[in-house]
2 protein chains.
Amino acid sequence: MGNQELFKALADPTRRDVLRMLRGGSRTAGELAEAFPMTRASLTHHFNVLKSAGLVRSERRGQHQLYSLNTSVFEEAANLLMDLFGRNGKD
Amino acid sequence: MGNQELFKALADPTRRDVLRMLRGGSRTAGELAEAFPMTRASLTHHFNVLKSAGLVRSERRGQHQLYSLNTSVFEEAANLLMDLFGRNGKD
DNA sequence: TAGATATTTAGAATACTATCTAATTATCAT
DNA sequence: ATGATAATTAGATAGTATTCTAAATATCTA
């Protein structure tokens with residue numbers, strides 16, 4: 001997935017809000033879109049960035065697209081942070 | 001200092017490399033600059049971004065400027081990450 | 001099949017970021 | 001004071017990101 005993509009994905013406030021919303025469980029693109037003052041097209045762009053970074057997954061459910069948090073990236077993200085501050089030797 | 005500034009600061013690979021270099025202790029602007037294939041002016045820009053985010057501090061030492069890691073932000077950064085993945089209720 | 005709803009894709013505009021060169025400020029040493 | 005060294009600031013440019021509108025695709029229902 002790439003560290004750079006991960007950090008870049010987390011650098012946008014809209015995308016972080018999306019992640020927070022998904023903490024509560026899967027949501028359709030439309031449900032997520034209602035919470036943001038921008039078009040669905042713009043949101044789709046953010047979903048794609050989050051997917052490329054491995055932070056979310058998506059799955060079609062009829063005419064809806066269901067997005068969910070990929071919690072397994074959490075450990076990776078935590079390790080990256082620790083690396084930056086010297087708490088372990090990993091990369 | 002602002003979460004947005006923190007995430008933005010971490011989103012650039014040069015700035016993350018600077019942080020890694022500072023894990024080993026304080027370094028002057030010139031010492032840091034030698035490790036990067038860009039001008040000192042460009043590095044100064046990155047130092048300023050890191051300072052605004054509270055990730056580093058600087059201090060004049062004669063004609064040198066000494067940069068050092070501000071490890072106290074580590075906890076804050078870790079909390080922000082946890083928030084995004086639902087491990088605690090903060091923020 | 002036709003229409004309605006949900007979402008994505010394509011292309012363009014605007015704003016932001018990283019980087020450069022040139023000029024400036026600050027400190028040291030003679 | 002003068003010149004040398006260290007670092008920053010200012011202004012410009014190129015690349016990237018965010019957002020929009022309009023068009024396209026996919027699925028459901030009648």
Side-chain angles (χ1 to χ4, degrees), chain A residues 1-22 24-70 84, chain B residues 1-22 24-70 84:
Chain A
M1 40 213 71
N3 298 347
Q4 180 55 16
E5 266 175 312
L6 182 57
F7 280 111
K8 276 283 180 65
L10 292 173
D12 182 271
T14 297
R15 291 193 287 267
R16 292 197 302 276
D17 283 343
V18 169
L19 292 176
R20 286 196 195 88
M21 284 190 70
L22 292 179
S26 304
R27 297 278 185 279
T28 67
E31 286 170 342
L32 291 166
E34 282 174 12
F36 297 91
M38 65 181 65
T39 64
R40 282 161 186 241
S42 298
L43 260 297
T44 296
H45 160 71
H46 288 301
F47 297 153
N48 286 335
V49 174
L50 289 168
K51 281 177 68 172
S52 298
L55 287 162
V56 306
R57 304 238 185 81
S58 72
E59 176 186 4
R60 198 169 250 297
R61 280 292 166 84
Q63 63 210 124
H64 298 268
Q65 195 80 25
L66 196 63
Y67 284 92
S68 51
L69 200 60
N70 179 11
L84 291 177
Chain B
M1 40 210 72
N3 298 346
Q4 179 55 17
E5 268 175 312
L6 182 58
F7 279 111
K8 276 284 180 67
L10 292 173
D12 182 89
T14 296
R15 290 193 288 265
R16 292 197 301 275
D17 284 343
V18 169
L19 293 176
R20 287 197 195 87
M21 285 189 69
L22 292 178
S26 304
R27 298 276 185 281
T28 68
E31 286 169 342
L32 291 166
E34 282 174 11
F36 296 91
M38 65 181 65
T39 64
R40 282 162 186 243
S42 299
L43 260 297
T44 295
H45 159 72
H46 288 302
F47 297 153
N48 286 335
V49 174
L50 289 168
K51 280 176 69 172
S52 298
L55 286 161
V56 306
R57 304 238 185 80
S58 72
E59 177 186 4
R60 198 169 250 296
R61 280 291 166 85
Q63 65 211 123
H64 298 268
Q65 197 80 23
L66 196 62
Y67 285 92
S68 50
L69 200 59
N70 179 10
L84 292 177

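In the text below, chain A, chain B and the rest are named by the order of the sequence lines, each starting its count at 1.
A 6.0 Å sphere centred on CZ of Arg61(A) holds no more than 12 heavy atoms belonging to other residues, nucleotides or ligands.
The main-chain N or O of Thr28(A) is found under 3.5 Å from a side-chain atom of Glu31(A) such that the two form a donor-acceptor pair.
Residue contacts shown for Tyr67(B) are limited to sugar-phosphate atoms, with no base heavy atom under 4.0 Å away. Residue contacts for Arg15(B): at a heavy-atom cut-off of 4.0 Å it reaches the sugar-phosphate backbone alone, with no base atom in range.
Nearer the 5' end of DNA chain D, as judged by each residue's closest nucleotide, is the contact made by Leu66(B), out of Leu66(B) and Thr39(A). Residue His45(B) is the one, among His45(B) and Gln63(A), whose nearest nucleotide of DNA chain D lies closer to the 5' end (criterion: closest heavy atom).
In the set dA26(D), dT9(D), dT18(D), dT18(D) carries the atom at the smallest distance from any side-chain atom of Asp12(A). When distances run from any side-chain atom of His46(B) to the nucleotides dT8(D), dT19(C), dT8(C), the shortest one goes to dT19(C). In this structure, of dT8(C), dT8(D), dT19(C), it is dT8(C) that holds the atom nearest to the side chain of Ala29(A). Of all nucleotides listed (dT21(C), dT27(C), dT8(C)), dT21(C) comes nearest to the side chain of Ala41(B). Residue Arg40(B) places its side chain closer to dA6(D) than to any other of dT19(D), dA6(D), dT8(C).
Residue Leu50(A) forms a side chain to side chain contact (heavy atoms under 4.5 Å, CB included) with just one option from Leu19(A), Leu69(A), Leu6(A), and that option is Leu19(A).
Pairs engaging residues 9-18 of chain A under the side chain to side chain donor-acceptor pair (under 3.5 Å) rule: Arg15(A)-His46(A), Arg16(A)-Gln4(B), Asp17(A)-Arg20(A) [sequence neighbours left out].
Rounded to whole angstrom, the span from the CZ atom of Phe36(A) across to the C1' atom of dT18(D) amounts to 14 Å.
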